[in-house]
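Written below as structure tokens is the structure these notes are about.
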Amino acid sequence: MITNYIAAILRGGNPGDTVTVKGWIRSKREAKEFAFVDINDGSCMANIQVVIDKDVPDYATILKQINTGASIELTGELVESPAKGQRVEVKASQVKIHGEADPETYPLQKKRHSFEFLRDIGHLRSRTNTLSAVFRVRNACSAAVHQFFQERGFLWVHTPIISASDCEGAGEMFNVTTLNLKNVPLTPEKEIDYSKDFFGKAAYLTVSGQLEAEVMAMAFGNVYTFGPTFRAENSNTSRHLAEFWMIEPEMAFCDLLEDMDLAETFLRYIFKYVMEHCQADMEFFNERIDKTVLATAENIINNQFERLTYTNAITLLEKSGQKFEYPVSWGLDLQSEHERYLAEEVFKKPVILTDYPVDIKSFYMRLNDDGKTVAAMDILAPKIGEIIGGSQREERLDLLEQRLTAQGLNPADYWWYLDLRRYGTVPHAGFGLGFERLVQFMTGMTNIRDVIPFPRAPLTVEF
RNA sequence: UCCUCGGUAGCUCAGUGGUAGAGCGAUCGACUGUUAAUCGAUUGGUCGCAAGUUCGAAUCUUGCCCGGGGAGCCA
């Protein structure tokens with residue numbers, strides 16, 4: 001077990017300390033009488049430099065085993081480094097190689113690799129500077145999410161991964177079945193007979209935990225989900241995954257304005273947390289991945305998001321004189337190009353759009369008094385597009401039933417969801433946040449497959 | 001799923017009808033308190049797969065597979 005991370009040694013170690021370093025070799029520079037070895041254990045961006053003199057036991061054998069990718073454990077004295085590049089280094093006295101890595105076949109070089117190539121070696125790519133930085137930031141984001149909600153008394157609720165309902169028509173679903181696919185039981189009408197299946201009815205991987213989160217909010221007030229979500233869409237883009245993590249807070253006794261305030265405070269909190277906990281990683285992204293990463297983070301932390309209604313956004317786009325590929329007119333959904341124009345060109349910061357036409361939004365969103373719009377809000381981020389989607393939910397039973405029917409859904413399928421309006425209904429609101437898009441936005445990584453350790457996407461399930 | 005660009009050495013790429021190339025990596029050597037070390041030499045190929053055109057195809061044609069970027073769906 002690693003008890004003394006390289007991050008801790010580099011930060012707090014003093015010359016004269018005896019230290020043990022365990023990790024993987026990044027590079028070796030050999031001289032006649034000694035060798036420099038750079039070791040990384042994933043705890044930080046920096047490597048620790050180790051000097052191995054020829055008087056170390058088994059020097060000749062060990063030196064042959066020291067290659068990029070090999071695992072190493074060594075003990076030595078921490079000394080002040082006589083050369084530039086590091087404050088301290090380790091003068092090794094005992095060295096053990098746990099596992100060699102054949103340099104002829106080990107795929108990672110000391111040089112930069114393309115992310116496309118690294119995706120083909122998903123089991124090794126976390127050993128690179130960029131991917132390890134991404135996953136440290138991802139971890140910090142996760143911790144920040146929980147800390148934010150826990151500080152505010154929100155209950156973390158575990159909503160199911162297997163679900164019987166397509167809760168919001170959010171997209172194609174993965175079937176979950178134990179039926180024998182070579183001999184599927186059929187009903188007299190030649191439909192698949194799910195009564196013979198494991199659950200006695202059709203079941204799917206969840207596309208959202210929102211409806212269940214609403215159930216829990218009606219008992220605990222403020223709750224949030226943070227877990228995996230699945231979409232079987234054949235989406236081949238740098239912003240979509242078949243398996244992704246979603247954060248969905250749901251608040252009872254809450255309206256759209258409070259919902260927006262919470263979402264904005266939440267994003268600001270996460271950015272601040274990561275800037276404080278992953279400074280070196282963030283500087284690395286700013287230098288190597290996207291020169292605007294630090295400025296964006298400062299922008300989020302220090303500025304109010306722009307807020308305007310869908311209707312005003314349409315007017316603004318129509319008057320902009322900008323040429324768009326897709327038409328702009330009231331009643332049509334905004335396209336990526338429109339969202340990006342607003343966030344990147346007009347306001348140059350996140351934009352919260354509210355009050356969308358009822359016909360382009362989901363059934364559960366609360367109808368506004370004008371009868372034409374719903375209390376929905378989307379947060380649009382530069383370069384990423386929609387990062388948060390939320391709404392005040394329809395708490396009035398009759399209106400909710402009307403909306404279900406109008407969208408071609410059967411209210412009977414939603415009996416327990418409707419019961420929440422029959423028994424002690426309250427105004428409530430919530431939002432959903434794609435966790436990987438947050439990490440993308442934070443790090444400047446352009447492809448969503450590079451911000452999750454094991455991406456699932458069409459034809460992508462190897463690692 | 002649609003549009004578009006691409007697939008040549010372990011990696012990144014050049015090569016557009018006539019003997020398969022470079023840089024990096026790796027290997028060997030030299031040198032050096034080095035820092036993606038440096039210098040020299042060596043090594044390295046089913047040109048994505050299949051069919052076709054041609055005296056001759058990495059190069060032209062067709063189909064398929066895979067990847068990047070963009071779009072749709074959405075988070």
Side-chain angles (χ1 to χ4, degrees), chain A residues 26-38 46-53 64 67-69 79-86 89 91 101-121 124 128-129 168-172 206-210 225 228-248 288 324-326 333-340 360-362 378-381 384-390 431-441 446-452 457-460 462:
Chain A
R26 283 290 178 82
S27 79
K28 166 177 70 169
R29 293 176 294 279
E30 219 177 315
K32 240 198 189 79
E33 308 283 300
F34 58 93
F36 296 105
V37 183
D38 290 333
N47 303 321
I48 196 163
Q49 174 162 289
V50 177
V51 183
I52 302 179
D53 275 319
K64 277 205 166 54
N67 290 302
T68 304
V79 297
E80 232 170 279
S81 182
K84 280 183 195 164
Q86 57 280 316
E89 63 190 27
K91 190 178 183 317
D102 181 0
E104 301 265 14
T105 57
Y106 186 66
L108 289 173
Q109 305 171 5
K110 288 180 241 177
K111 279 218 155 191
R112 208 190 110 69
H113 289 291
S114 68
F115 292 122
E116 293 84 353
F117 172 67
L118 292 176
R119 272 170 231 146
D120 290 338
I121 48 167
L124 298 172
T128 63
N129 282 340
E168 49 174 309
E172 290 295 310
T206 184
V207 294
S208 165
Q210 184 197 312
T225 73
T229 311
F230 308 87
R231 305 277 166 90
E233 302 284 351
N234 189 14
S235 296
N236 293 288
T237 83
S238 54
R239 300 182 310 282
H240 291 86
L241 291 165
E243 176 181 308
F244 63 100
W245 285 60
M246 194 146 63
I247 298 154
E248 295 169 296
R288 299 291 188 87
F324 294 112
E325 192 184 337
Y326 289 87
D333 210 351
L334 294 178
Q335 301 294 316
S336 288
E337 57 174 345
H338 309 136
E339 297 180 345
R340 293 188 59 159
I360 60 174
K361 287 292 183 182
S362 298
D378 283 356
I379 301 187
L380 313 177
I384 304 292
E386 186 185 332
I387 189 167
I388 284 182
F431 61 84
L433 169 70
F435 185 59
E436 283 74 19
R437 291 206 180 154
L438 176 67
V439 179
Q440 263 191 292
F441 188 36
T446 53
N447 195 311
I448 200 166
R449 297 174 193 204
D450 300 327
V451 298
I452 185 168
L459 301 173
T460 304
E462 181 73 16

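Since we're looking at a predicted model, the values are computed, not measured. Quick note: numbers below take in every heavy atom, side chains included, and nothing from hydrogens, waters or symmetry partners. Labels below follow one simple rule: chain letters A, B, ... track the order of the sequence lines, proteins then strands, and each chain is numbered from 1.
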For nucleotides 39-49 of chain B, give me every protein contact, N/O to N/O, under 3.5 Å, one pair per line with atom names.
none

A:Phe441: what forms a ring-ring contact (aromatic ring centres under 6.0 Å, His included) with it, not counting sequence neighbours?
A:Phe271

With distance as the sole criterion, do the side chain of A:Gln86 and the base of B:U35 form a donor-acceptor contact below 3.5 Å?
yes

At a cut-off of 3.5 Å, list every protein nitrogen or oxygen paired with a nitrogen or oxygen from nucleotides 1-4 of chain B, distance to 0.1 Å.
residue : atom : partner  : partner atom : Å
B:U1    : OP1  : A:Asn234 : ND2          : 2.7
B:U1    : O4   : A:Asn234 : O            : 3.4
B:U1    : O4   : A:Asn236 : N            : 3.3
B:U1    : O4   : A:Asn236 : ND2          : 3.3

side-chain hydrogen bond (donor to acceptor under 3.5 Å, both in side chains) partners for A:Arg112, two or more places apart:
none

Tell me every residue that passes side-chain contact (heavy atoms from CB on, under 4.5 Å) with A:Asn67, counting only those two or more places apart in sequence or in another chain.
A:Lys28, A:Pro103

With a 3.5 Å cut-off and heavy atoms only, can you find an N or O donor on one side and an acceptor on the other between the side chain of A:Glu33 and the base of B:G33?
no

With sequence neighbours left out, what residues match A:Phe36 under ring-ring contact (aromatic ring centres under 6.0 Å, His included)?
A:Phe34

Minimum-distance nucleotide (side-chain atoms of A:Arg29 versus B:C73, B:G33, B:U34)
B:U34

Using side-chain hydrogen bond (donor to acceptor under 3.5 Å, both in side chains) as the criterion, list what pairs up with A:Glu116, not counting sequence neighbours.
none

Could you check whether A:Glu30 gets within reach of a base, just the sugar-phosphate, or nothing at all, counting any heavy atom under 4.0 Å?
base

Please list, chain by chain and in numerical order, all residues satisfying side-chain contact (heavy atoms from CB on, under 4.5 Å) with A:Arg340, sequence neighbours excluded.
A:Glu344

Listed partners of A:Thr229 passing side-chain hydrogen bond (donor to acceptor under 3.5 Å, both in side chains), at least two apart
none

Can you list the steps and then say if A:Gln49 with A:Ser81 is a side-chain hydrogen bond (donor to acceptor under 3.5 Å, both in side chains)?
CA-CA 9 Å; A:Gln49 174 162 289; A:Ser81 182; 4.7 Å; no

A:His113: partners by ring-ring contact (aromatic ring centres under 6.0 Å, His included), with sequence neighbours left out
A:Phe117

Sequence neighbours left out, what passes side-chain hydrogen bond (donor to acceptor under 3.5 Å, both in side chains) with A:Lys110? Give chain and number order.
none

May I ask you to say what A:Tyr326 touches in the nucleic acid, namely base, sugar-phosphate or nothing, with a heavy-atom cut-off under 4.0 Å?
sugar-phosphate

Would you say the base of B:C74 and the side-chain of A:His240 have a donor-acceptor pair closer than 3.5 Å?
yes

Under 3.5 Å between N/O atoms: give me all the protein pairs with nucleotides 22-26 of chain B, atom names plus distance.
residue : atom : partner  : partner atom : Å
B:A26   : O2'  : A:Glu104 : OE1          : 3.0
B:A26   : O2'  : A:Glu104 : OE2          : 3.4

